[in-house]
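First comes the structure, then the notes that go with it.
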Amino acid sequence: MADRGALPRVLREGPRRAAARELLACCASTRWAARVAQGLPYEDLAALRRASDEAFAELRWPDLVEAMAAHPRIGERAGGADREAAWSRAEQAGAATTDEEVAAALVAGNAEYERRFGHVFLIRATGRDAREILAALRERLNNDLETERRVVREQLAEIVALRLDKLIEEDA
C-alpha cells in the first residue's frame with residue numbers, strides 16, 4: 001500500500017481546484033473529479049481509491065457520457081500532448097494492427113456501435129489486442145441499452161482505476 005508521501009502533493013494538500021484538474025486526466029467527469037477532490041487530503045492510495053469508487057458510484061448517465069467524450073474511438077490515436085492523451089495512446093497500443101481486415105472491421109464496428117448506442121465504444125483496452133477488442137465490440141453490439149450502459153460503467157471504472165495508478169506512478 002502506498003504511503004501518504006506516494007500521492008501527488010496536490011492530492012495530499014490541495015488546493016481542491018488544482019486537484020480536480022489533475023484528476024480529470026483519470027476520469028473526465030467534472031462531477032467525479034470535484035467529488036474526489038472534495039475529500040482532500042488523502043492519507044494513502046487506498047483512501048484515494050475508496051473516494052474514487054464512492055464518487056464513481058454516484059455518477060449518473062450524463063456524467064458517464066461526459067467522461068466518454070474524452071476517449072477517442074478504438075483504433076484512433078488521441079491528439080494532444082496532455083497527460084490524458086498520452087495515457088490514451090498507451091492504453092490503445094494493443095489495438096493497433098497491421099491487419100487491414102481487423103482495422104476495417106474496427107472502423108465499421110465503431111460506426112455501428114455509435115449508431116446503436118449514441119456514444120463511442122468504450123473498453124479497457126490495456127492488455128487487449130485488436131482481435132480481442134473487435135470480438136468484444138461485436139459481442140456488445142448484441143446488448144440491450146440497459147446492459148450496455150452497465151458494461152460501459154464497468155469498463156470506465158476499470159480505466160479510472162488504472163489511471164489513478166498511473167497518476168501515482170508518474171508523480172513518484
Side-chain angles (χ1 to χ4, degrees), residues 1-74 76-78 80-95 117 119-129 132-133 136-137 139-140 143 145-172:
M1 182 183 299
D3 64 16
R4 183 180 174 94
L7 294 178
R9 183 176 182 180
V10 73
L11 296 179
R12 288 181 281 127
E13 300 173 11
R16 288 187 173 127
R17 283 186 186 187
R21 282 193 302 274
E22 285 290 309
L23 288 163
L24 284 171
C26 299
C27 180
S29 162
T30 53
R31 180 184 305 271
W32 176 86
R35 173 73 168 74
V36 174
Q38 183 180 9
L40 290 173
Y42 292 105
E43 289 296 319
D44 55 25
L45 180 56
L48 175 61
R49 285 180 192 216
R50 281 191 302 276
S52 172
D53 291 346
E54 290 169 9
F56 196 85
E58 295 173 4
L59 297 182
R60 298 182 308 247
W61 183 249
D63 302 316
L64 299 177
V65 170
E66 177 187 29
M68 284 188 291
H71 291 264
R73 289 178 183 92
I74 290 292
E76 293 182 3
R77 288 183 54 84
D82 63 351
R83 178 181 277 170
E84 183 178 12
W87 287 349
S88 181
R89 287 189 295 271
E91 291 161 359
Q92 284 204 33
F117 295 110
H119 56 80
V120 69
F121 172 68
L122 186 81
I123 188 168
R124 179 199 37 83
T126 300
R128 293 183 167 128
D129 67 25
E132 289 174 282
I133 292 169
L137 172 58
E139 182 179 323
R140 285 173 53 189
N143 287 345
L145 184 61
E146 182 179 325
T147 300
E148 186 55 22
R149 284 185 173 186
R150 181 184 48 76
V151 172
V152 165
R153 181 179 284 276
E154 292 167 358
Q155 292 297 305
L156 187 57
E158 289 181 25
I159 293 167
V160 171
L162 288 170
R163 288 184 173 189
L164 281 173
D165 288 345
K166 289 177 187 177
L167 183 66
I168 303 311
E169 290 167 11
E170 283 187 4
D171 201 67

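Since this is a predicted model, take the numbers as computed values, not measurements.
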Check: For Leu11, does its backbone N or O pair with a side-chain atom of Glu22 as donor and acceptor, under 3.5 Å?
Finding: no

Item checked: Smallest separation among heavy atoms of Leu40 and Ala19, with atom names -> CD1-CB, 3.5 Å

Next item on the list: Could you tell me which non-hydrogen atom of Ala37 sits nearest to which non-hydrogen atom of Ala20, and how far apart they are?
Entry: CB-N, 3.8 Å

Item checked: Distance (rounded to the nearest 0.5 Å) between Glu66 CD and Cys27 SG -> 8.0 Å

Next item on the list: Tell me, please, which residues at least two apart from Phe117 pass ring pair (Phe, Tyr, Trp, His ring centres under 6.0 Å).
Entry: Tyr113

Check: Can you name the nearest heavy-atom pair linking Ala51 to Val36, along with the distance?
Finding: O-CG2, 4.0 Å

Next item on the list: Give a yes or no on whether the backbone of Phe56 and the side-chain of Arg153 come within a donor-acceptor separation of less than 3.5 Å.
Entry: yes

Notebook entry, point to check: Would you find a donor on one side and an acceptor on the other, under 3.5 Å apart, between the side chain of Asp53 and the backbone of Arg50?
Noted result: no

Next item on the list: For residues Arg149 and Leu64, determine if any side-chain heavy atom of one lies less than 4.5 Å from a side-chain heavy atom of the other.
Entry: no

Next item on the list: Identify the two heavy atoms, one from Trp32 and one from Ala55, that lie closest to each other, and give their separation to 0.1 Å.
Entry: CD1-CB, 3.6 Å

Checklist line | All salt bridge (Lys or Arg N to Asp or Glu O under 4.0 Å) counterparts of Glu148, not counting sequence neighbours | finding: Arg140

Note to self: Using 0.5 Å steps for rounding, measure from the CG atom of Leu48 to the SG atom of Cys26.
What the structure shows: 8.0 Å

Margin query: Strictly distance-based, threshold 3.5 Å: is any side-chain N or O of Gln155 a donor or acceptor partner for the main-chain N or O of Val152?
Written below: no

Checklist line | Spacing of CZ belonging to Arg31 relative to CG belonging to Asp63, to within rounding of 0.5 Å | finding: 4.5 Å

Check: Got a second to check how far Glu169's CD is from Leu167's CG, nearest 0.5 Å?
Finding: 9.5 Å

Notebook entry, point to check: Going by an N to O cut-off under 4.0 Å, is there a salt bridge joining Glu154 and Arg150?
Noted result: yes

Next item on the list: Please report the closest heavy-atom contact between Ser29 and Leu24, naming both atoms and the distance.
Entry: O-CD2, 3.8 Å

Next item on the list: With rounding to the nearest 0.5 Å, note down the distance linking CD1 in Ile123 to CD in Glu158.
Entry: 9.0 Å

Note to self: Looking at every non-hydrogen atom in both residues, tell me the closest pair between Leu162 and Arg124 and how far apart they are.
What the structure shows: CD1-CD, 3.5 Å

Checklist line | Separation of Leu7 CG from Ile168 CD1 (nearest 0.5 Å) | finding: 4.5 Å

